[in-house]
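Every value quoted in this text rests on a predicted model; they were computed, and no experiment measured them. We number each residue from 1, following the sequence as shown.
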Amino acid sequence: DRSFLGPLSAGVAAGIASSVIRVPTEVVKTRMQTGEFKHAFTALKTILMREGTKGIFAGYGSFLLRDLPFDAIEFVTYEQLKKGYKKVVLKDSRDLNPAEHSVFGAGAGAATGLVTTPLDVLKTRLMIQGTSKKYANFLDCAMKENFPTLSQAVEVLIRVPHHRES
């Protein structure tokens, strides 16, 4: 059964098409969050003047490494959840209602986020480095930051909510 190929391809295509707008937006947003800039237009103008288009597309590769799997996994997970629920629970008796679509969309997003959050951390580090060039590329960033394995990242995510300091 290759029914997952359509949603997989759609997720990848959507990610590539939207990256042209999303990456510069992420760079500006992330730099503003660090306090480097107070206004989006000033950030955009300054980054372009100081760093050129390379600066405004900083972290593009890591963005794609995070978002293409995210989009593809999310689309496939959503479609498979819907398909399984409709077949097993509803016995193909009706279409899903908007609430059911929402639940499966949220579930697909949550599952996908768990898998791709470690990549998001590296993407953010690359985007905020500016002219410091602390990291040469995605792999260099992962090595310098002692990037955890996926199992270590999941363990941290599970433990963090339970750890409270007085």
Side-chain angles (χ1 to χ4, degrees), residues 7-79 98-99 101-150 152-166:
L8 180 78
S9 301
V12 170
I16 290 171
S18 65
S19 69
V20 176
I21 299 297
R22 290 170 62 195
V23 171
T25 302
E26 281 272 320
V27 169
V28 168
K29 177 190 79 167
T30 306
R31 298 273 195 96
M32 288 177 65
Q33 288 173 337
T34 66
E36 186 178 349
F37 301 103
K38 292 190 187 308
H39 303 286
F41 184 73
T42 303
L44 179 63
K45 187 173 78 171
T46 305
I47 293 167
L48 281 169
M49 283 176 26
R50 284 189 203 153
E51 303 167 42
T53 55
K54 198 170 186 174
I56 206 66
F57 282 95
Y60 186 78
S62 61
F63 180 90
L64 291 179
L65 280 173
R66 180 209 58 179
D67 273 42
L68 293 185
F70 185 98
D71 294 338
I73 293 166
E74 186 174 39
F75 274 56
V76 170
T77 303
Y78 173 68
E79 290 298 325
H101 280 284
S102 296
V103 167
F104 294 128
T112 305
L114 182 66
V115 173
T116 60
T117 295
L119 299 173
D120 188 44
V121 170
L122 294 177
K123 181 247 348 154
T124 301
R125 299 241 168 105
L126 286 164
M127 286 183 166
I128 64 171
Q129 73 178 335
T131 57
S132 73
K133 299 299 177 206
K134 182 177 178 180
Y135 312 108
N137 53 43
F138 186 80
L139 185 59
D140 183 50
C141 180
M143 300 291 279
K144 286 180 179 171
E145 296 298 331
N146 296 316
F147 189 63
T149 63
L150 182 58
Q152 290 169 321
V154 169
E155 184 178 329
V156 167
L157 287 172
I158 291 169
R159 289 184 185 189
V160 167
H162 303 293
H163 184 275
R164 300 252 192 271
E165 291 189 27
S166 304

Quiz prompt | Pairwise side chain to side chain donor-acceptor pair (under 3.5 Å) hits with a residue in residues 128-141, at least two apart | solution = Y135-E145, D140-K144

Exercise. Output every pair passing side chain to side chain donor-acceptor pair (under 3.5 Å) with a member in residues 7-28, not counting sequence neighbours, ordered by first then second residue.
Key: S18-R22, S19-Y60, R22-D67, E26-K29, E26-K123

Please name the pair of heavy atoms, one in [X] and one in [Y], separated by the smallest distance, quoted to 0.1 Å.
| X | Y | answer |
| --- | --- | --- |
| A72 | V12 | CB-CG2, 3.9 Å |
| L126 | A58 | O-CB, 4.3 Å |
| F75 | P7 | CB-O, 3.3 Å |

About how many Å separate [atom2] of [Y] and [atom1] of [X], when rounded to the nearest 0.5 Å?
| X | Y | atom1 | atom2 | answer |
| --- | --- | --- | --- | --- |
| F63 | L119 | CZ | CG | 12.5 Å |
| I56 | L48 | CD1 | CG | 5.0 Å |
| R66 | T116 | CZ | OG1 | 7.0 Å |

Quiz item: What pairs of residues pass the salt bridge (Lys or Arg N to Asp or Glu O under 4.0 Å) test when at least one of them lies in residues 39-50, not counting sequence neighbours?
Solution: E36-R50

Quiz item: How would you list all residue pairs meeting salt bridge (Lys or Arg N to Asp or Glu O under 4.0 Å) that involve residues 51-62, not counting sequence neighbours?
Solution: R31-E51

Residues which pass side-chain contact (heavy atoms from CB on, under 4.5 Å) with [X], listed by chain and number, not counting sequence neighbours:
| X | answer |
| --- | --- |
| H101 | Y78, K82, L96 |
| P69 | I73 |
| M32 | V28, F37, A40, A43 |
| V121 | R125 |

Self-check item: Candidate pair L122 and F138, rule side-chain contact (heavy atoms from CB on, under 4.5 Å), full reasoning
Solution: CA-CA 7 Å; L122 294 177; F138 186 80; 3.6 Å; yes

Quiz item: In chain order, what residues pass the ring pair (Phe, Tyr, Trp, His ring centres under 6.0 Å) check against F104, with sequence neighbours excluded?
Solution: Y85

